[in-house]
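Here's the structure we're looking at; comments come further down.
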2 protein chains.
Amino acid sequence: MDLYQLRYFLAVVETGSFSKAAERVFVTQPTLSAGIKKLEHALDQVLFLRGRKGIALTDAGRALLPRARTIIAECNAAKADMLPEAPRRRLRLGIGRSLPAERLAPLLRDYREAEPKDELVIRDGSEDDLAGWLAQGRIDAAIGTGPAPDGQGVALFRWRLMLATAADGPYAGRSAITLEDLDHVASIVRSHCDCLGEVTRELIRRGIRPRIVCRTDSDEKALRHVAAGLGVVLVPDLYRHPGVRLVALAEPSFGRTVSLRWHGRPTPVLESFRLFATSHDWTADGDGASARLGWAR
Amino acid sequence: MDLYQLRYFLAVVETGSFSKAAERVFVTQPTLSAGIKKLEHALDQVLFLRGRKGIALTDAGRALLPRARTIIAECNAAKADMLPEAPRRRLRLGIGRSLPAERLAPLLRDYREAEPKDELVIRDGSEDDLAGWLAQGRIDAAIGTGPAPDGQGVALFRWRLMLATAADGPYAGRSAITLEDLDHVASIVRSHCDCLGEVTRELIRRGIRPRIVCRTDSDEKALRHVAAGLGVVLVPDLYRHPGVRLVALAEPSFGRTVSLRWHGRPTPVLESFRLFATSHDWTADGDGASARLGWAR
DNA sequence: CCGTCTTACGAATGCCGTAACTATA
DNA sequence: TATAGTTACGGCATTCGTAAGACGG
């Protein structure tokens, strides 16, 4: 067992792929692959299930994960301890309200562990807030769905609206639905949804009238109502909730590309964060279990 | 920075010397020396002060120590996690009452970190107790001053009786005293002391009569009384107490050799523990600060 | 055919041991 | 002279990159 192997291991877990992990640790993909193999051999355990859908942790891998995290975090902290008075780098980061916190948390935690000396200051707000703060220099960068000026932003991932329905409800078995299926259906409206305008316009254009049973600006409440069978709701596919199944919206697809964007010349700490964010595994769940794990269980 | 370097680092701290550390990690001494140098270079910090009296940790070394401990402990634990159902090895260890617990604790902690799967069961008792338990097979090994049958014991370290006196008291400035100096001096008697018989016999033979002001079987109480100026007391040189200075007993030297001993054929776990105990730094304080540090401060 | 991971091979790095050296007591 | 640590040098393991192969969508 060796430190670099644990770094490779964490990189694979955090990026969700061998190739992206290789980028993150600045080696070629075969080199990283060999490193993981060495680690697996040293522990005499298979750590990842390599499947066409991606990478999944085995039980042994899950057992190793928290230990690897603390080992690498302690190493980084030890190195940080030794550089006294390094000018503290700060990154003020604005985050769009529409992004679920549990998706962002792993990225922030991973970054803090990798760069313990950097200070991350998070603030969330609407897309308008973010644009304003960015222009005023009150934040250094923003993660959201707003447009990025040329060369001052990178796409991170894309989400699409999906229909959230009770796991035992009428649509639970369907692989996809269309807007027409929503006519007269008991529906919940997330009043803060980024796509609300587009969707209602399209519904009106097609003469579809869902039966609104609840309006809320809380995603959590909306999903709980769905789980309870009150109705259905359109949510970004990032969300997960017990008792709720997500069904794809077939024909007109509503969605947003979430990007990291900034204003002016990127600072060093921003470059470092950008490297992390662009190679992050956005499909993973907040607790480290992979969303792709479905195929492995 | 690399794992093997941290292992070297811990070995040096725990054994108090480069040579003994090299034995412990099964490399030659130059190899270990180079490893430490690599670590110091990687962290850009001097970790050890090499003096003629031994090794002392620098501030940087002290800062690194707890992190190195958790890193290595987590690594060992991770490896241990991967071997499920390894037949749990148990070592029942008897410890003589005369040994201060704070001297033994570092050894036990270090061993537990190095071999997290092994189970250490500690029991303390008098030397007679230890001998009896050992013969009955109720403990696997004993650490104490009793004699070891041939080939069934190894010496660990030797202590001598020293005079404990108040730091601001009359003897505090002396480098050594003789028994004669104790005539009519206010003295405390540790009634459980291993050497009590020898000492009193010698005092009587010489016609020396200290003035007994307190009898106790608590080392802690005795030393507190000394610090308060009640009198002096003879204690093993292992002891430390705030406000108490130890002065050597010049001419007749009373002492004991502490050894690890067992009965019959040593088990594998005992061999493993013996390796640790024989290369342990018995001069170090319980909190990891070195007793030899005097020369470095 | 592209994306993803594995296998194969040559080069460079670096760990390790032996041996010689230095310094203190 | 003995003990403790450092420096010098050669052997060998291993990490890394490049290139080619296997595998599925």
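Bear in mind the structure is a predicted one, so any value in this text is a computation, not a measurement.
The side chain of K38(B) contributes no N or O atom lying less than 4.0 Å from OP1 or OP2 of dG14(C). Residue K37(A) places no side-chain N or O under 4.0 Å from the OP1 or OP2 atom of dT6(C). Taking only side-chain nitrogens and oxygens, S17(B) never comes nearer than 4.0 Å to OP1 or OP2 of dA4(D).
Look at CZ on F18(B): it is 17 Å from C1' on dC16(C), rounded to the nearest Å. dT4(C) atom P lies 14 Å from atom CG of L32(A), rounded to whole Å. In this structure, M1(B) atom CE and dG14(C) atom P are separated by 16 Å, rounded to whole Å. One interatomic measurement links the two molecules: OH of Y8(A) to P of dT6(C), which rounds to 14 Å at whole-angstrom precision. Atom CD1 in I55(A) sits about 11 Å away from atom P in dT4(C), given to the nearest Å. We find that CZ of R50(A) is positioned 18 Å from P of dG25(D), with the value rounded to whole Å. In this entry the distance linking CD of E23(A) with P of dG3(C) reads 13 Å, nearest Å. dT4(C) atom C1' lies 7 Å from atom CD of Q29(A), rounded to whole Å.
You'll find that the side chain of T31(A) is closest to dG17(D), out of dT18(C), dG17(D), dG5(D). Checking dC15(C), dC5(C), dT7(D) against the side-chain heavy atoms of Q5(B) singles out dC15(C) as nearest.
The existence of a salt bridge linking D81(B) and R67(A) is confirmed by a sub-4.0 Å separation between a basic side-chain nitrogen and an acidic carboxylate oxygen. With respect to the salt-bridge test (charged N to carboxylate O, under 4.0 angstrom), the residues E14(A) and R69(A) qualify. Ion pairing of D118(A) with R112(A) is absent here, as no side-chain N (NZ or NE/NH1/NH2) approaches a carboxylate O to less than 4.0 Å.
Using cut-offs of 30° and 60° for the angle between ring planes, the F48(B) and F9(B) rings count as tilted.
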